[in-house]
Structure formats: C-alpha cells, structure tokens
Amino acid sequence: MSTSIIVRDIDPRDKSWLRRQARQIGVSMEELVRRLIHEKRTRTERRPKPSEAFARHFGEEQGVELPPVARRGYNPLSFSREEDE
C-alpha cells in the first residue's frame with residue numbers, strides 16, 4: 001500500500017531544487033521528500049525531561065518517591081535546621 005503526498009502551490013524554485021537533489025542522489029523526488037520528512041522527524045523527536053527519565057528508572061516500583069511538583073518544576077529540597085523547628 002502506497003501513500004501519496006500532494007503539495008500544492010510550491011515555489012517553482014523549490015521544486016526544481018528538489019528535482020536536482022533527487023537526480024544527484026538517484027532517487028525519485030517523492031522518495032527524497034519522504035527521506036527529508038523522516039530525517040526532520042527523527043531530529044525533532046521529543047526528548048524526555050530529566051524528571052521523566054528519573055521517574056521511569058527509579059519510580060514508585062523501585063521504592064523512590066519523587067518530590068511533589070511545584071508550579072515551575074520540582075520544589076528544591078532543603079536540609080537546613082530552620083525548617084525542622
């Protein structure tokens with residue numbers, strides 16, 4: 001099963017650039033566009049936040065509790081004696 005992509009109102013200069021690039025590589029223009037889309041998608045995949053990675057590896061299953069989430073991230077942990085009193 002094949003999926004087609006139709007791009008309307010493309011700048012003729014961009015289309016000719018795509019054709020030249022595809023010809024140099026030795027693939028069809030459609031295949032070049034597929035490769036460009038795939039490359040862009042793999043570059044921009046969402047990387048997990050450090051807190052998400054920590055939760056995945058050391059979450060509740062491992063007996064570690066994460067600090068409660070504050071308004072802008074995690075509350076900083078403080079070990080001062082002033083808070084104990």
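Computed from a predicted structure; not experimentally measured.
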Practice problem: Could you grab the distance from atom CD of E39 to atom CG of L32, nearest 0.5 Å is fine? | Solution: 9.5 Å

Pairs under 3.5 angstrom only: tabulate donor-acceptor contacts from the side chains of residues 12-26 to other protein residues two or more places apart or in another chain.
residue : atom : partner : partner atom : Å
R13     : NH2  : D11     : OD2          : 3.0
S16     : OG   : P12     : O            : 3.3
S16     : OG   : R13     : O            : 2.9

Quiz item: Does E30 have any salt bridge (charged side-chain N to carboxylate O under 4.0 Å, His left out) partners at least two apart in sequence or in another chain, and if so, which?
Solution: none

